[in-house]
Each structure stands twice: as structure tokens, then as C-alpha cells.
Amino acid sequence: MSQKNIAASQKASQTKGKNKSAKDKRVHSVKGMRDFLENDQLLLEKIFDTFKELTRFYNYRLISTPIVEPLELFERSNGEQSDIVQKEMYQVKARGSSKKLGLRPEFTPSAVRAYIENGLTHQPHPVKLALYGPLFRHDKPQLGRYRQFHQADLEIFSTKNNPLYDAQIILASYRLFEAFKINDVIIQINSIGCKACRPNYVKQLAEYYKKNKKSACEDCKDRLPKNTLRLLDCKKEKCQELKSSVPMSLEHLCVECKTHFKSVLEFLEELGLPYNLNHTLVRGLDYYSKTVFEFTLEKTDANEKFQNLSLGGGGRYDYLVEHFGARHTPAVGVALGVDRIMDLIKERKLSITVRPKDKIFLIHIGELAKRKSLPLIEELRKSKIQIREALGKESLAAQLKIADKLGVKIALIFGQKEAFEDSVIIRDMKTGAQETVPLAKIAKVLKKRL
Ligand code: AMP
């Protein structure tokens with residue numbers, strides 16, 4: 001564009017801007033996506049921090065993967081017919097590139113890709129991975145359902161499909177809920193069998209639905225030939241009666257799957273974790289095999305709002321690694337819905353400490369004290385002593401008011417005289433007792449007082 005054209009286009013957009021009302025000039029966040037202001041952001045980080053602590057304890061390795069991945073990764077892992085691929089993926093394309101990319105809608109495919117691509121396949125197994133961060137699904141926004149949301153995710157890759165790992169993943173998830181005083185979680189659990197026994201079950205299921213097609217909703221009629229297992233996921237009122245007497249997958253498991261599932265349940269019983277055998281639980285993705293599970297709240301009136309929202313879910317995916325070209329590697333994973341945990345904490349008004357309480361407030365009086373305050377704060381920072389201040393305010397009363405509001409234990413009073421003599425007054429806010437301390441000793445004295 002020539003200089004002349006640039007100037008003309010700037011002028012045109014300025015004129016256009018002038019005609020817009022102040023309200024029209026605003027840009028809003030994308031529907032279903034939110035800003036997290038300080039308290040929400042602190043709570044989000046608290047959940048991630050607690051998750052990280054748990055993963056350290058249970059020996060998971062924390063990794064992170066890109067938010068953008070080749071679209072093919074999700075198409076090939078989730079199945080072309082899954083809701084995620086069919087309706088919910090955000091596809092992105094760089095200008096000038098023909099590569100099809102997608103914003104990650106979940107972690108498992110990325111974890112599998114990273115596990116293979118980075119040679120973790122050659123490390124001693126089990127390889128336990130932990131991931132957390134934002135994900136994107138073009139879902140219908142409502143309570144507990146956002147278009148950008150967060151998950152905390154665990155994956156275990158092993159040489160054998162040991163039921164112990166299913167139990168360990170469920171246990172760590174349960175402990176995360178407990179850490180946030182959510183103690184009424186029930187583990188919904190089922191087994192959908194393996195390559196050997198599932199086809200027979202799916203056949204029985206298809207026959208059942210064909211026979212009762214009239215009573216099924218339109219979506220289910222459409223899904224029947226494409227993804228029969230998904231029929232069990234239907235939440236529509238019309239299908240509920242039909243669902244109540246469907247053939248059960250547990251009755252069609254092969255011996256190996258039966259033994260595996262029994263063993264998972266025995267581990268859960270040993271740990272005292274509450275579970276419910278849920279024979280309509282299948283989870284909507286192609287890659288699952290054997291154990292599938294979800295975390296829901298106990299059915300009570302108080303939980304009504306969250307009744308149909310699972311707080312997390314996962315299962316075994318013994319064939320996904322080989323599906324992406326590596327050797328056969330059984331695996332199990334879980335994804336916990338961090339936004340739903342946040343919503344629940346807020347709904348229940350649970351008192352979760354998200355920020356350590358401020359303990360010390362610095363009050364300055366006069367120009368010299370103000371000038372010397374910044375180096376004083378830096379000195380204390382070296383000793384890891386956190387200080388609140390209101391250096392932008394001049395009046396003593398205004399500063400005292402803030403200190404009072406924060407409920408600090410100690411006020412440091414830095415007046416003209418103290419600044420001149422390189423000392424500071426330590427005031428106990430509860431008793432009113434005061435002590436003048438040389439600046440050189442302040443960090444040591446404060447550490448003792450705290
Ligand atoms: P999924 O990957 O669909 O099994 O989801 C695992 C967990 O992530 C769910 O149990 C929810 O807690 C959470 N989750 C899934 N989709 C959303 C969403 N759109 N908004 C908020 N949380 C979600």
C-alpha cells in the first residue's frame with residue numbers, strides 16, 4: 001500500500017470510529033470463553049498447584065504439549081464419528097499454509113503423540129505423565145460447560161494392562177477432589193471390553209436398538225449404524241426408558257476383561273473408594289477399551305444443579321499407542337474438569353485459601369521515608385519477607401486504614417526521623433506495642449516475630 005493509500009485508509013477508519021458510539025467500539029470475549037479475574041485466577045492456580053503436588057507424590061512426570069496440534073491427531077484418535085471431531089473442534093489455519101491444525105479439545109492424543117515422538121517408549125515403564133492447561137471445544141455454553149476450559153490430566157503407559165494402574169489413576173483423582181473438601185464424589189465405573197469381546201456386545205446392543213427403534217430419539221436413530229455404543233450416552237428424555245433395559249457389557253466380557261475389571265474393583269474396595277457399577281457408562285470416544293469411569297456427585301437435592309455434570313472421567317486405551325505406529329502399549333488415563341471443580345467450590349462457598357494472608361504492612365511518612373522504602377522492600381525481598389504497602393498514598397490515616405482492612409499482624413512505621421536514622425518502628429497491630437529497630441537488623445527481627 002502506498003503512503004497516500006495508508007493515510008486515506010487510516011482517515012477512513014478514524015471517521016468510521018468517530019461515528020461509532022463508545023459502546024460499539026468495545027470488543028467482547030468470545031462466547032463461552034471467560035476472563036479470570038484475580039480471585040478466580042488464584043483459585044485456578046491453587047487447583048493446579050494441588051494437582052502438581054499430588055502428581056509429585058504419586059510419581060507422575062509433568063509435561064506440557066502445544067495447544068495447537070495437527071487436526072489429524074484428533075481425527076485419528078477420537079474417531080471421525082465422535083462428537084468432538086464432528087461438532088466441537090476448533091480448526092485453525094495459518095495464513096499462507098494449507099496445513100490443517102486444531103486447538104486441542106483434550107489431552108490424551110497429545111500425550112500419546114509426545115510419548116512416541118520423544119522416545120519415552122524406550123524408558124523404563126510404567127511411564128506416568130501429568131498435563132494441565134486450557135482446552136477448547138465448540139460446545140453449547142452453560143453451567144459447567146465452556147468453550148475454553150481447563151483439565152488436569154494423568155496418563156500411565158505400561159507394558160501390561162495392569163488393573164493396579166486403573167486404580168492408581170482413580171485414586172489420585174479422588175484425592176484431588178478431597179483436597180478441595182469435595183467429599184461426596186461417586187466413581188461411576190464400567191468395562192466396555194476389548195477387541196475380542198466388544199464386537200459381540202455391540203452386536204447385541206445394535207439388535208436391541210433395532211428392535212426398539214421407534215422409542216429412540218432421532219439422534220440415536222442416526223447414530224445406530226455409525227457408533228452404536230454412543231447410544232448409551234444419550235441424555236434425551238425419550239431414550240431413558242430404552243436405556244434402562246439395554247444389554248449389559250459386563251455380561252459379555254471375555255475372561256481376561258472380566259478378571260481385569262474384578263481386580264480394579266477389588267483395589268477400589270481395598271482403598272475404601274465409593275463406586276457405582278454403571279452399565280450405561282461408555283464415554284464417547286473410540287479409543288477406550290476395558291475400564292471406563294467418571295466422577296459424579298452423590299444424588300442429593302443440594303447437588304441437583306451439578307447432577308448431570310461429571311467432574312472428570314477417563315479409562316483404558318490399550319490400542320491407541322499402536323494406532324499411532326508404536327509397539328503395543330496398554331495405557332490408562334483420566335481428565336479432571338478444573339472449571340467444574342471451581343464452579344462447585346464457589347457454589348458451596350467452600351473456604352479455600354487461595355492467597356497467603358498479608359502479615360506486614362509498610363507505612364511511610366514523608367518524602368525521605370518514601371524514597372528509602374523501595375530499597376527497604378527490596379532488602380526484605382532478599383530474605384523472602386513479603387510486604388504490603390501503599391506508597392502512592394501520602395496520608396498516615398489512609399495507610400493505617402488499609403493496614404487495618406488487611407488485618408496484618410505487623411505494621412512497619414517508617415517516619416522522617418526513622419528514615420534519617422536508618423531505623424524503622426515495628427508495631428504489633430494487636431497489642432499496639434512498638435519497638436524501634438535498625439534497618440540492618442530488620443529482616444532478622446521480623447523473621448523471629450513471624
Ligand atoms: P472428557 O474429556 O469429555 O471426558 O471430559 C473430562 C472432564 O472435563 C469432564 O468430566 C468435565 O469435568 C470436563 N469438561 C469436559 N468438557 C467441558 C467443557 N466444555 N467445559 C468445562 N468442563 C468440561
Side-chain angles (χ1 to χ4, degrees), residues 29-34 36 40 43-44 47-48 51 65 67 69 73-74 77-79 81-90 102-112 130-155 169-170 172-174 176-177 180 182 185-190 192 227 229-230 232-233 235 278 280-289 291-297 303 305-317 320 331-347:
S29 60
V30 175
K31 190 176 169 193
M33 303 195 184
R34 310 166 290 161
F36 283 66
D40 283 346
L43 182 55
L44 179 75
I47 297 175
F48 287 150
F51 172 70
T65 55
I67 286 174
E69 294 271 14
L73 177 69
F74 304 106
S77 52
N78 296 1
Q81 295 304 326
S82 66
D83 278 358
I84 289 188
V85 168
Q86 289 255 313
K87 305 182 202 155
E88 297 167 6
M89 285 251 357
Y90 281 91
L103 299 187
R104 64 183 181 201
E106 57 150 343
F107 278 117
T108 303
S110 302
V112 170
L131 304 94
Y132 69 92
L135 301 143
F136 304 83
R137 288 185 199 170
H138 194 256
D139 224 337
K140 197 171 160 202
Q142 53 195 284
L143 175 80
R145 204 170 285 284
Y146 307 98
R147 290 181 173 174
Q148 177 175 335
F149 61 101
H150 305 81
Q151 284 182 346
D153 181 275
L154 300 173
E155 312 285 349
I169 272 222
I170 294 174
S173 313
Y174 202 82
L176 185 78
F177 300 127
F180 289 95
I182 304 170
V185 170
I186 307 283
I187 302 151
Q188 306 291 336
I189 194 163
N190 193 17
I192 54 171
N227 190 350
L229 268 188
R230 265 293 266 122
L232 296 179
D233 252 355
K235 303 277 181 304
N278 184 336
T280 59
L281 182 72
V282 286
R283 309 202 19 89
L285 303 172
D286 272 8
Y287 57 63
Y288 285 116
S289 55
T291 323
V292 286
F293 54 86
E294 274 185 12
F295 300 96
T296 58
L297 292 173
N303 285 339
K305 234 166 133 181
F306 286 81
Q307 210 67 94
N308 293 320
L309 292 174
S310 76
L311 296 178
R316 224 166 225 292
Y317 52 95
L320 194 56
V332 58
V334 68
L336 304 172
V338 172
D339 304 71
R340 291 193 188 167
I341 298 174
M342 286 178 68
D343 288 348
L344 191 60
I345 288 171
K346 288 198 270 181
E347 167 80 12

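Atoms within a ligand are numbered from 1 in the order they appear, just like the ligands themselves.
Within the 4.5 Å cutoff, the side chain of Phe74 has no heavy atoms near those of the Ile84 side chain. Residues Leu103 and Ile67 meet the side-chain proximity criterion, which asks for heavy atoms closer than 4.5 Å.
Just one of Leu131, Leu135, Leu73 meets the side-chain contact (heavy atoms from CB on, under 4.5 Å) condition when paired with Arg104; it is Leu135.
Atoms of ligand 1 lying under 4.0 Å from at least one heavy atom of Leu311, given by number and element, are 10 (O), 12 (O). Numbered from 1 in the order shown, with element, the atoms of ligand 1 that lie under 4.0 Å from a heavy atom of Ser310 read 9 (C), 10 (O), 11 (C), 12 (O). Atoms of ligand 1 lying under 4.0 Å from at least one heavy atom of Asp139, given by number and element, are 19 (N). Of all atoms in ligand 1, numbered sequentially from 1 with element shown, those under 4.0 Å from a heavy atom of Gly144 are 20 (N), 21 (C), 22 (N).
Looking only at protein heavy atoms, the nearest one to atom 13 (C) of ligand 1 is Gly337 CA, 3.6 Å. Protein heavy atom at the shortest distance from atom 20 (N) of ligand 1 is Tyr146 N, 2.9 Å. Among protein heavy atoms, atom 14 (N) of ligand 1 sits closest to Phe149 CE1, 3.8 Å. The shortest contact between atom 8 (O) of ligand 1 and any protein heavy atom is with Gln151 NE2, 2.9 Å. Protein heavy atom nearest atom 15 (C) of ligand 1, with residue, atom name and distance: Arg137 NH1, 3.6 Å.
Distances shorter than 4.0 angstrom occur between a heavy atom of Arg283 and an atom of ligand 1.
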Open item on the list: If you apply the rule salt bridge (charged side-chain N to carboxylate O under 4.0 Å, His left out), what do you find for Asp339 with Arg34, and how did you get there?
Closed with: CA-CA 11 Å; Asp339 304 71; Arg34 310 166 290 161; 2.5 Å; yes
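Residues Phe51 and His150 keep their aromatic ring centres 6.0 Å or farther apart.
Residues Asp83 and Arg137 are not paired through a salt bridge, judged by the lack of any N-O separation under 4.0 Å between the basic side chain and the carboxylate.
Judged as a side chain to side chain donor-acceptor pair (under 3.5 Å), and not counting sequence neighbours, the contacts of Glu347 are Lys305. Shown here are the side chain to side chain donor-acceptor pair (under 3.5 Å) partners of Tyr90, two or more places apart in sequence or in another chain: there are none.
The shortest N/O to N/O separation between Gly312 and ligand 1 falls below 3.5 Å.
Residue-level proximity to ligand 1 for Arg340 is carried by the side chain, the only part with a heavy atom below 4.0 angstrom.
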